[in-house]
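Written out below as structure tokens is the structure these notes cover.
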Amino acid sequence: MTICFGESLRRLRKEKSLTQEQLAARLNVSFQTISNWERDESWPDLSMLPVLASFFGVTTDALLAADKAANERRIQDILDAYDAHKPDTAKEHMPVLKAALAENPTDYRLWVRYMECLLYCGGGGLNCAPETRKEAREIYENIDAHCTNDRIRMWAKRLFVMHLHSIAQPLEPGGPLGKPELQEEAERILAEMPDLRACREHVATMVSLPGEDHLRAVQSELASLLWMTTHAICHHDLYGKAFPGEEQTFQYANEILYAEEITQRLLDLFYPDGDYGKNTFLVIYDLGYQAFYNAVLGNFDEAFAAMRRSLAQALAFDALPRVTTHTSPLFRGLAYDKITQDRGMAARMQELFGERYPWPAGFKEDKRFAEAMGMI
């Protein structure tokens with residue numbers, strides 16, 4: 001927050017037609033003290049601020065000349081910039097968030113994003129540095145104890161629960177938990193969090209006024225429920241570890257492909273015209289997984305079809321304006337702001353397909369692979 005106390009004090013003194021010596025006498029301080037205050041070389045004790053404010057007949061904010069509106073605009077710019085690009089540029093945002101917190105130490109909007117940024121940059125699981133763990137805990141406890149905004153508190157709880165779970169993992173595959181006490185703490189915090197019936201999207205469907213507000217609330221909840229449903233399928237036991245690259249998942253290729261196809265059919269049912277909105281990036285990844293596991297199973301024709309569709313969807317998503325309006329029947333008229341997911345999906349899939357997915361022998365040598373990659 002920008003503070004211009006010295007300039008404010010000088011202006012208020014002159015408005016009362018007082019010299020520095022006269023003001024010093026009224027306040028029972030030295031002339032040099034007033035001079036130092038007006039040059040911002042020193043500040044009065046906190047106990048003196050209400051005395052000064054009362055003397056001049058102003059609020060303490062006016063006395064300090066704290067430009068709240070301008071400061072709020074600066075903070076909002078920082079929040080928007082972070083939300084638009086996390087987690088890919090987390091390291092770039094850390095110093096910005098830290099500097100903003102130095103001036104706004106009670107702004108929990110900044111704290112929760114700094115916490116998220118810290119955990120992204122600090123390494124996950126057993127690789128998380130002790131100092132990162134300590135700082136993350138301190139931030140979480142500060143937010144949980146003092147923040148009155150439930151959305152921010154639940155955000156912090158979600159981050160901290162996932163953090164605790166990640167560092168409680170076994171020291172070796174198949175072994176016991178390395179830190180079972182942290183898993184127990186995570187489960188205690190989890191028990192404090194509301195269930196789906198208490199979430200904002202669901203409650204809004206019941207309290208929004210009839211008409212467009214109610215329709216948008218219902219549409220928003222449907223979109224969120226589809227997002228959560230696809231994530232739940234990803235974590236289903238039959239799904240295994242779906243990310244291509246872990247050899248032990250190849251034996252579950254049929255099961256994983258089955259789950260991916262269910263996900264795609266579900267989304268296509270709700271978005272028959274392919275206007276997937278906030279679920280678009282899930283569709284892009286889902287089609288990428290379908291391409292990989294079809295290739296693993298030797299279904300090259302199906303694999304290339306899914307690969308081309310994934311890349312086409314990624315290119316179309318990248319080309320969308322930041323805010324678009326849904327056209328699918330159940331979501332028609334609902335505005336979608338892709339600021340939270342605009343991560344350059346075509347470039348992301350190019351990296352995954354070209355470098356990270358361990359395609360089976362012969363797949364990348366097939367001329368159709370180069371043709372598909374040439375779409376980008």
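Not measured: the values here are computed from a predicted model.
- Smallest separation of non-hydrogen atoms from G277 and H326: CA-CE1, 3.3 Å.
- You'll find the side chain of N254 reaches within 4.5 Å of the side chain of L297, heavy atoms only.
- Looking at every heavy atom in both residues, T229 comes nearest to L266 through CG2-CD2, 3.7 Å.
- A side-chain donor-acceptor contact under 3.5 Å links D318 to the backbone of A346.
- Using modelled atom types, one finds a donor on one side chain and an acceptor on the other under 3.5 Å when comparing Y140 with K157.
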Sequence neighbours excluded and cut-off under 3.5 Å, please list the side-chain donor-acceptor pairs for residues 198-211, or say none.
unit_1 : atom_1 : unit_2 : atom_2 : d
H202   : ND1    : E221   : OE2    : 2.8
T205   : OG1    : H202   : O      : 2.5
S208   : OG     : A204   : O      : 2.5

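- Once rounded to the nearest 0.5 Å, the distance linking CZ of F369 with CE of M307 reads 4.0 Å.
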Would you sort out whether R113 and H93 count as a side-chain contact (heavy atoms from CB on, under 4.5 Å), showing the intermediate values?
-> CA-CA 9 Å; R113 287 167 174 83; H93 289 285; over 6 Å; no
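- The aromatic ring centroids of F281 and F317 lie 6.0 Å or more from each other.
- Looking only at distances, a side-chain donor or acceptor of T230 sits under 3.5 Å from a matching main-chain atom of L226.
- In the hydrophobic cluster analysis, where Ile, Leu, Val, Met, Phe, Trp and Tyr join through side-chain heavy atoms closer than 4.5 angstrom, L287 is grouped apart from I376.
- Under the 3.5 Å distance criterion, with hydrogens and angles disregarded, no donor-acceptor pair is assigned to the side chains of R73 and Q76.
- Here the side chain of D40 pairs a donor or acceptor atom with the backbone of G6 at under 3.5 angstrom.
- Taking each heavy atom of C128 and R133 in turn, the nearest pair found is O-NE, 3.0 Å.
- For the 3.5 Å distance criterion, the side chains of Y276 and Q313 fail to qualify, holding no donor opposite an acceptor.
- Contact of the L164 side chain with the Q183 side chain is not registered, since no non-hydrogen atoms from C-beta on lie closer than 4.5 Å.
- In summary, the aromatic rings of F292 and F353 are positioned with their centroids too far apart to meet the 6.0 Å limit.
- Criterion: ILVMFWY side-chain heavy atoms under 4.5 Å apart, direct or through other members. Under it, L315 and V283 are not part of a common hydrophobic cluster.
- Counting only N and O atoms by type, the side chains of E260 and Q264 include no donor and acceptor under 3.5 Å apart.
- Linking Ile, Leu, Val, Met, Phe, Trp and Tyr residues whenever their side-chain heavy atoms come within less than 4.5 Å leaves W227 and V218 in two separate clusters.
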Run the side-chain contact (heavy atoms from CB on, under 4.5 Å) check on L182 and E185 step by step: do they pass?
-> CA-CA 5 Å; L182 296 183; E185 182 182 4; 3.9 Å; yes
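- Residues R158 and M154 have side chains not in contact (no heavy-atom distance under 4.5 Å, counting atoms from C-beta outward).
- A 4.5 Å side-chain heavy-atom check between M115 and W155 finds every atom pair outside the cut-off.
- Looking at Y293 and E255, their side chains never bring a donor and an acceptor atom within 3.5 Å of each other.
- Formation of a donor-acceptor pair under 3.5 Å by the R13 side chain with backbone atoms of L18 is found in this model.
- T324 places no side-chain N or O within donor-acceptor distance of the main-chain N or O of L320, the cut-off being under 3.5 Å.
- Judged by distance alone, with hydrogens and angles left aside, the side-chain atoms of D286 form no donor-acceptor pair with the main-chain N or O of L282 at under 3.5 Å.
- For the residue pair Y108 / N149, no side-chain donor-acceptor distance below 3.5 Å is found, with atom types taken as modelled.
- At a threshold of 4.5 Å between non-hydrogen side-chain atoms, the residues R265 and L269 do not count as touching.
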Just do the side-chain contact (heavy atoms from CB on, under 4.5 Å) check on L330 and Q219 with the steps written out, would you?
-> CA-CA 7 Å; L330 284 175; Q219 290 173 327; over 6 Å; no
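- When all heavy atoms of F55 and K16 are compared, the pair lying nearest together is O-CE, 3.3 Å.
- At a threshold of 4.5 Å between side-chain heavy atoms, the hydrophobic network of Ile, Leu, Val, Met, Phe, Trp and Tyr places W43 and L52 in one connected group.
- Looking at heavy atoms from C-beta onward, I256 lies out of side-chain contact with Y289 at the 4.5 angstrom threshold.
- Connection of M162 to L196 is not established within any shared hydrophobic cluster, with ILVMFWY side chains joined at heavy-atom distances below 4.5 Å, either directly or through further cluster members.
- In this structure, the side chains of L27 and T33 stay at 4.5 Å or more apart for every pair of heavy atoms.
- M228 places a side-chain heavy atom less than 4.5 Å from the side chain of L225.
- Judged by distance alone, with hydrogens and angles left aside, the side-chain atoms of D275 form a donor-acceptor pair with the main-chain N or O of T327 at under 3.5 Å.
- Listed by chain and number, the residues in a side-chain hydrogen bond (donor to acceptor under 3.5 Å, both in side chains) with K14 amount to none (sequence neighbours excluded).
- Note that the CG atom of L49 and the OG1 atom of T59 stand 11.5 Å from one another [nearest 0.5 Å].
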Pair D301-R308, salt bridge (charged side-chain N to carboxylate O under 4.0 Å, His left out): steps then yes or no = CA-CA 11 Å; D301 290 345; R308 287 191 295 270; over 6 Å; no
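- For the residue pair Q20/E38, the side-chain donor-acceptor check at 3.5 Å is satisfied.
- The environment of NE2 in H146 is sparse: at most 12 heavy-atom neighbours from other residues, nucleotides or ligands sit within 6.0 Å.
- With sequence neighbours left out, the side-chain hydrogen bond (donor to acceptor under 3.5 Å, both in side chains) criterion links E302 to no other residue.
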Test side-chain contact (heavy atoms from CB on, under 4.5 Å) applied to D366 and F363, step by step | CA-CA 5 Å; D366 191 304; F363 188 78; 5.7 Å; no
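- For D195, the CG atom counts as densely surrounded, since its 6.0 Å shell holds more than 12 non-hydrogen atoms of other residues, nucleotides or ligands.
- Few gaps surround CD on E131; more than 12 heavy atoms of other groups in view lie less than 6.0 Å from it.
- Judged by distance alone, the side chains of R39 and S35 do bring a donor and an acceptor atom under 3.5 Å apart.
- Scanning both residues, L222 and F331, for their nearest heavy atoms gives CB-CE2, 3.7 Å.
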Please assess E351 against R348 for the test salt bridge (charged side-chain N to carboxylate O under 4.0 Å, His left out), listing each intermediate value before the final yes or no.
-> CA-CA 5 Å; E351 176 197 358; R348 174 63 172 158; 3.4 Å; yes
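- Judged by distance alone, the side chain of E365 and the main-chain N or O of A361 form no donor-acceptor pair under 3.5 Å.
- For S54 (side chain) and V51 (main-chain N/O), no donor-acceptor pair under 3.5 Å exists by modelled atom type.
- For the residue pair E138/N142, the side-chain donor-acceptor check at 3.5 Å is not satisfied.
- Across all their heavy atoms, V296 and P360 have their closest contact at N-CG, 4.0 Å.
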